[in-house]
Amino acid sequence: FDAALVSGTRSLSWFCRESSKRADSSEGVNSEKKNDCWVLQSNTAISDFCREPNQVKVFSLADNDLKDYLIFAIQYRMIDDFLAVIKSTDKGRTMPESLYPTKIHLKEWVDGLPGKCLNHPKHCVASKDLGLIACGDYCSSGPRIEDAVNSGFAAANVILKDLM
């Protein structure tokens with residue numbers, strides 16, 4: 001598989017295999033893929049942890065051993081959860097070595113997930129009087145890319161039907 005929504009882990013909400021995307025014209029359609037690149041997105045538990053005042057202070061420091069330790073701990077937990085999910089779907093086969101990370105980069109994006117979703121029935125919020133519309137995963141039912149896309153489609157429909 002190339003992507004999965006994840007529940008029941010300590011740190012992950014979804015992951016995808018970046019190298020499963022269609023190659024661009026500079027690489028050629030059938031270009032050889034040297035290594036898989038997996039993108040892991042943390043769940044709200046990790047985001048909430050990173051938003052805690054003490055962690056915000058640590059993450060805002062430019063160079064600090066404690067910051068490096070926290071980043072390492074988050075990376076380790078996410079990779080550990082990723083490998084556990086992969087192993088649970090592997091049905092006893094040996095995990096391919098390509099799944100083990102050779103390079104890790106953690107993007108600190110603590111506001112990447114909404115703290116609370118509106119769960120709006122129309123998946124977007126619009127004001128015909130003001131000519132404004134808001135959409136995003138926070139308007140829908142959850143902090144996932146699918147919710148953001150559905151909210152965007154809902155906003156486009158509102159624009160076509162109600163605001164034009």
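In this chain, numbering begins with 1 at the start of the sequence shown. This structure is a prediction, so every number in the text was calculated from the model and none was measured.
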What orientation do Phe82 and Phe15 show, parallel under 30°, tilted 30 to 60°, or perpendicular over 60°? perpendicular
Any link between Ile79 and Trp14 through a network of hydrophobic side chains (Ile, Leu, Val, Met, Phe, Trp, Tyr) touching at under 4.5 Å? no
Knowing that exactly one of Leu12, Leu40, Ile86 qualifies, which makes a side-chain contact (heavy atoms from CB on, under 4.5 Å) with Asp81? Leu12
Side-chain heavy-atom pair Glu146, Leu5 within 4.5 angstrom cut-off: yes
Do Asp147 and Tyr138 come within less than 4.5 Å of each other through their side chains, counting heavy atoms only? no
Non-hydrogen side-chain atoms of Lys122 and Asn157 separated by less than 4.5 Å: no
Give the cluster check for Ile46 versus Leu83: same hydrophobic cluster or not, with ILVMFWY residues linked at side-chain heavy-atom distances below 4.5 Å. yes
What heavy-atom pair brings Ser140 and His123 nearest, and what distance separates the two atoms? OG-ND1, 2.8 Å
Interatomic distance, CG@Leu70 vs CD@Gln75, rounded to 0.5 Å, equals 11.0 Å
Grab the two heavy atoms, one from Ser42 and one from Ser13, that are nearest each other, plus how far apart they are. O-OG, 3.2 Å
On a heavy-atom basis, the closest approach of Arg10 and Asp80 is NH2-OD2, 2.9 Å
Under the side-chain contact (heavy atoms from CB on, under 4.5 Å) rule, collect the residues that match up with Ala155, sequence neighbours excluded. Cys124, Ile133, Cys135
